[in-house]
Chemist: 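Here you go, one structure.
Keep in mind that this is a model prediction, so the values were computed, not measured. A note on names: the letters A, B, ... follow the listed sequences, proteins ahead of strands, and every chain is numbered from 1.
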Amino acid sequence: MADRYDPREIENRWQARWEDDGLYRAADDDPRPKWYFLTMFPYTSGDLHVGHWYAMAPSDVGVRYRRMRGYNVMYPIGFDSFGLPAENAAIERGIHPKTWTLNNVERMRGQLKTMGSAFDWSREVITCLPEYYKWNQQIFLKMFDKGLAYRAKGAANWCPHCQTTLANEQITSEGTCERCKTLVTKRDLEQWFLRIKDYADELLDHSGLEWPEHVIAMQKNWIGKSAGVEVSFPLERKDLEEKEIRVFTTRPDTIYGVTFMVLAPEHPLVEKLTTRQREEEVQAYVERTRRLSEIERQSTETEKTGVFTGAYCINRVSRKRVPIYIADYALMHYGTGAVMAVPAHDTRDFAFARKYDIPIVTVIAPPGWKDEGLEEAYTEPGVMVNSAQFDGLLSDKGKEAIADYYEQQGWGHRTYNYRIRDWLISRQRYWGTPIPIIYCPKCSIVPVPEKDLPIVLPDDVEFRPTGESPLKFHQGFLNTACPKCGIAATREVDTMDTFVDSSWYQVRYASPHYDVGPADPKAVAKWLPVDQYTGGAEHATMHLLYARFFVKAMRDLGLVEHSEPFIRLFNQGQILGPDGQRMSKSRGNVVAPDEQVEQHGADTFRCYLMFLGPWDQGGPFDVTGISGISRWMNRVWRLVLDNYDATAAKSNPDIEQSIRKATHKTIKRATEDIERFRFNTLLAALMEFTNELSRTNAIEVVGTGAWREALDSLMLLLAPLAPHITEELWARTGHGYSIHNQSWPEWDESLTVEDEITLVVQVNGKVRDKLSVSASITEDRAKEIALASDKVKGALDGRQVAQVIYVPGRLVNVVIR
RNA sequence: GCCGAAGUGGCGGAAUCGGCAGACGCGGCAGUCUCAAAAACUGUUGGGGGGCGACUCCCGUGUGGGUUCGAGUCCCACCUUCGGCACCA
């Protein structure tokens with residue numbers, strides 16, 4: 001009898017051994033094909049939770065499988081360690097952000113190691129250290145040189161609680177801060193932007209990427225490219241510098257229906273166009289709009305409001321005078337900030353026209369239209385009417401015809417518009433990468449010379465959430481000399497959005513200690529792009545879009561040669577508390593992984609997480625089921641050790657053959673499942689295999705070659721899932737160290753096919769009999785024995801057989817009338 | 001409103017192609033062991049009905065239609081849940 005399975009002892013021992021041996025270190029000069037596997041690095045929140053395990057344990061299985069398939073696998077890990085929580089902890093508890101963060105790194109590193117993952121710790125990257133963020137600064141400077149980073153004043157999203165600006169992507173659909181759920185407002189500030197919009201078309205192209213369709217769809221939605229025409233409407237007043245209003249429209253076919261014009265309240269023409277009589281009202285409206293938060297302004301529920309400016313422009317084709325309004329439903333940052341309003345065919349314009357008694361002219365006829373007024377906007381395609389020479393055209397054709405006409409007349413041109421906006425990276429906070437820019441009274445914006453990098457974050461800073469960067473009050477940091485002319489100048493005091501850090505960390509892992517640039521070109525050429533990336537779907541439009549942009553920008557800066565960071569992407573689902581709600585301390589439904597590991601061992605905990613269901617689905621985590629995995633681990637332990645060394649007492653070729661078949665079928669199933677990351681069914685297959693071996697653990701098979709092959713295969717197939725117990729069993733059954741350097745077992749296809757099959761016999765689609773027949777049965781013979789079955793005869797009840805369907809290897813269906 | 005994913009036993013879930021619905025596991029029930037309990041092991045377990053019984057019949061994959069010899073799987077309409085976007089002209 002073998003001794004008891006003691007996961008704690010085994011796991012500690014092997015983890016130490018693997019670390020001492022550097023078993024998982026990826027060598028740059030290994031000639032085998034490379035495989036770069038990456039799981040999203042954790043933020044240094046302080047504690048590893050079940051979500052981390054749920055994300056990382058299955059990734060580790062993928063890694064170990066690739067290793068067994070003969071790849072030179074790199075699986076690095078690090079810490080995303082800049083960001084607000086560190087600073088908030090500093091303010092609340094008087095700990096320095098750096099201390100807080102590095103303590104958390106220490107703690108989380110220890111917790112991560114208990115998972116028994118095949119991480120290559122020698123490549124660890126910690127983003128809050130100057131060795132890393134120096135390169136953020138260098139890349140930023142190169143972007144600045146190329147015009148990819150620019151400074152602009154604009155209405156920035158402002159979180160009053162975090163006391164900083166936010167990127168568009170960091171605002172929830174409720175208009176609140178993604179981090180603290182505070183209502184976001186607007187502030188006019190000079191800020192740094194990166195030109196992600198310049199890459200919009202390239203970012204829309206996901207060819208060559210094996211990504212989940214829904215993530216691609218989300219990115220496409222986010223970028224929001226729409227085709228249309230930019231057309232001009234001449235102003236009635238001729239005494240202004242501007243002679244026309246330019247608008248973007250996707251519906252040029254409705255241009256005869258334009259009965260008013262809407263400018264965004266911030267539109268530069270508003271001030272110039274407004275007549276003296278309307279001035280007061282317009283100014284009041286502009287003021288009111290400015291005070292509204294984004295959420296109030298953008299709510300589709302709010303009634304359309306606006307005011308007339310007193311000015312008119314001319315609809316070139318209908319020759320009509322068109323009144324110009326301002327309304328907050330026109331957005332300054334989309335298109336030209338002006339809208340040609342067609343109330344008959346746009347729901348917003350319709351509501352506005354109704355409210356302010358503006359004429360509604362139908363120019364696209366709905367089906368069966370009899371020249372009557374519309375009760376609501378008709379936005380579907382239809383036949384053009386009231387549109388002079390274009391009458392009778394279908395609206396789709398009309399779009400092209402009018403676009404052509406405008407282009408011929410020189411009144412407009414076809415173009416595209418994008419929903420995505422440039423990436424605002426300035427943050428008025430301390431714990432981030434200092435933006436390497438100096439403001440000189442004489443030379444204005446001056447980049448820090450590369451030789452002066454890194455601009456190091458000073459430690460002795462007072463954390464006062466004032467809405468301005470704490471760095472502004474640090475005289476030693478703030479004051480400097482202009483690198484160009486040498487006179488007294490000040491530094492940029494804002495820091496970079498932490499998404500900058502995670503936009504290229506995957507590149508840094510290739511050469512984490514390289515000190516003459518962000519990345520060693522040789523190492524990058526060897527390792528990048530990432531072959532398989534895994535992480536949560538919440539990053540679909542932020543991190544994943546930023547990282548794609550960054551790599552393309554770095555390519556154009558000559559820093560890397562590839563264009564896409566991540567070839568394959570897998571999104572795991574979200575793990576919830578036992579109550580089906582998000583795990584949170586306030587709900588009291590948090591499951592601590594450390595406790596589970598303490599109780600059941602890492603192998604069991606890992607496997608249980610994978611057994612819950614499909615990885616991309618996530619779901620509630622209920623600890624009660626873990627005993628099933630625990631019991632199974634014990635069964636495997638006993639099964640392997642009890643009879644491994646026995647010698648065959650006598651042989652039974654039938655049982656041996658059936659064991660061999662079970663083995664090869666299991667290898668096949670396991671391989672197919674692991675390739676598709678279907679760990680739940682993979683585990684089910686291994687359990688079935690274990691059950692079958694337990695049943696046949698009889699005197700006739702133990703000690704035979706087939707028996708050994710079965711147990712060896714079981715250990716090897718289980719090795720990626722449960723690395724510790726399998727390493728221990730592998731050693732105890734007299735194999736060499738390490739099971740994690742063995743080859744993945746191969747299956748013999750001829751051993752996976754059955755000689756006997758169950759032929760299902762149906763009558764009118766209902767199962768009436770099951771017959772055990774030879775797999776090589778002919779169609780005629782199968783039909784014959786099916787019809788001969790007593791049960792079929794009984795079901796026929798003397799009625800006429802109309803047809804007999806045969807599906808090879810599966811069933812016979814007798815159709816009767 | 002738009003885009004995307006999903007609805008299967010008491011529970012988590014399985015079912016590459018349209019072909020035995022419920023694999024595997026939890027929980028439950030019964031049993032073995034035990035003074036007893038726990039643990040472990042064995043058997044059983046979709047619902048309903050009939051038979052002493054080997055058995056047998058009916059119903060059943062969110063709802064309603066459809067295609068098909070045959071539908072959890074395909075098509076149409078709808079309901080519910082979750083995720084994303086949302087005055088984008």
Chemist: Mind telling me whether B:rC58 is syn or anti, cutoff 90° either side of 0?
Modeler: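 That one's anti.
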Chemist: Across all strands shown, which nucleotide pairs with B:rC2 by Watson-Crick or G-U wobble geometry, both distances under 3.5 Å?
Modeler: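 Checking every strand shown, B:rC2 finds its partner in B:rG84, with both distances under 3.5 Å.
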Chemist: List the residues meeting ring pair (Phe, Tyr, Trp, His ring centres under 6.0 Å) with A:Tyr356, not counting sequence neighbours, and say none if there are none.
Modeler: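 Per chain and number, A:Tyr356 pairs via ring pair (Phe, Tyr, Trp, His ring centres under 6.0 Å) with A:Phe352.
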Chemist: Tell me which pairs pass side chain to side chain donor-acceptor pair (under 3.5 Å) where either residue lies in residues 626-635 of chain A, with sequence neighbours left out.
Modeler: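 Counting only pairs at least two positions apart or across chains, the side chain to side chain donor-acceptor pair (under 3.5 Å) contacts touching residues 626-635 of chain A are A:Trp632-A:Thr690, A:Arg635-A:Asn691.
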Chemist: Is B:rG51 syn or is it anti, if syn means the base angle is within 90 degrees of 0?
Modeler: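 Here the answer is anti: the torsion falls beyond 90° from 0.
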Chemist: Can you tell me the pairing partner of B:rA77 across any strand shown, Watson-Crick or G-U wobble, with both distances under 3.5 angstrom?
Modeler: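 Its partner is B:rU63 (Watson-Crick or G-U wobble, both distances under 3.5 Å).
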Chemist: For B:rG1, does OP1 or OP2 lie under 4.0 Å from any side-chain N or O of A:Arg348?
Modeler: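 No, outside the criterion.
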Chemist: Would you indicate whether the side-chain heavy atoms of A:Thr666 and A:Leu686 approach each other to under 4.5 Å?
Modeler: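 Yes; the side chains approach each other to less than 4.5 Å.
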Chemist: Using Watson-Crick or G-U wobble geometry with both distances below 3.5 Å, tell me the partner of B:rA14, or none.
Modeler: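 Pair assignment: B:rA14 / none.
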Chemist: Rounding to the closest angstrom, what is the interatomic distance between B:rA5 and B:rC75 at atom P?
Modeler: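 Result for the P pair: 12 Å, nearest Å.
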Chemist: Can you figure out which of B:rA89, B:rG13, B:rG12 approaches the side chain of A:Leu612 most closely?
Modeler: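 Among the listed nucleotides, the one closest to the side chain of A:Leu612 is B:rG12.
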Chemist: Taking atom types as modelled, is there a side-chain donor on A:Gln617 or A:Trp615 under 3.5 Å from an acceptor on the other?
Modeler: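 No, no side-chain donor-acceptor contact under 3.5 Å.
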Chemist: Taking protein heavy atoms under 4.0 Å as touching, what does nucleotides 19-24 of chain B look like 5' to 3' if B marks base contact, S marks sugar-phosphate-only contact and - marks none?
Modeler: BBS-BB
Chemist: If we take the C1' atom in both B:rU16 and B:rA23, what is their distance in whole Å?
Modeler: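 One C1' to the other, the span is 15 Å.
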Chemist: Between A:Ala217 and A:Arg678, who's closer to the 5' end of RNA chain B by nearest nucleotide?
Modeler: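 So the residue in question is A:Ala217.
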Chemist: Once you apply the 3.5 Å cut-off to both distances, tell me the Watson-Crick or G-U wobble partner of B:rC41, or none.
Modeler: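 Answer to the pairing question: B:rG31, which forms a Watson-Crick or G-U pair with B:rC41.
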Chemist: Examine B:rA40: is either OP1 or OP2 under 4.0 Å from a nitrogen or oxygen in the side chain of A:Arg631? Give yes or no.
Modeler: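 Yes.
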Chemist: Assess whether one donor atom and one acceptor atom, taken from the side chain of A:Lys220 and the base of B:rC3, lie less than 3.5 Å apart.
Modeler: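 Counting by modelled atom types and ignoring angles, no donor-acceptor contact under 3.5 Å is found here.
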Chemist: When all nucleic acid strands are considered with a 4.0 Å heavy-atom cut-off, which category describes A:Val815: base, sugar-phosphate, or nothing?
Modeler: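 Sugar-phosphate, backbone atoms only, no base.
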Chemist: Can you find a pair of side-chain heavy atoms, one from A:His345 and one from A:Thr362, that are under 4.5 Å apart?
Modeler: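 Yes - at least one pair of side-chain heavy atoms lies under 4.5 Å apart.
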Chemist: Report yes if a side-chain nitrogen or oxygen of A:Lys766 is closer than 4.0 Å to either non-bridging phosphate oxygen (OP1 or OP2) of B:rC59; otherwise report no.
Modeler: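 Answer yes for this pair, as a side-chain N or O of A:Lys766 is under 4.0 Å from OP1 or OP2.
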Chemist: Got A:Lys225 and A:Lys220 here, is their nearest side-chain heavy-atom distance under 4.5 Å?
Modeler: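 A side-chain contact is absent here, since even the closest heavy-atom pair is not under 4.5 Å.
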Chemist: Is atom CD of A:Glu756 surrounded by more than 12 heavy atoms (other residues, nucleotides or ligands) closer than 6.0 Å?
Modeler: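 Enclosed.
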Chemist: OP1 or OP2 of B:rG13 sitting under 4.0 Å from any side-chain N/O of A:Gln617?
Modeler: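 It does, given that an N or O in the side chain of A:Gln617 lies less than 4.0 Å from OP1 or OP2 of B:rG13.
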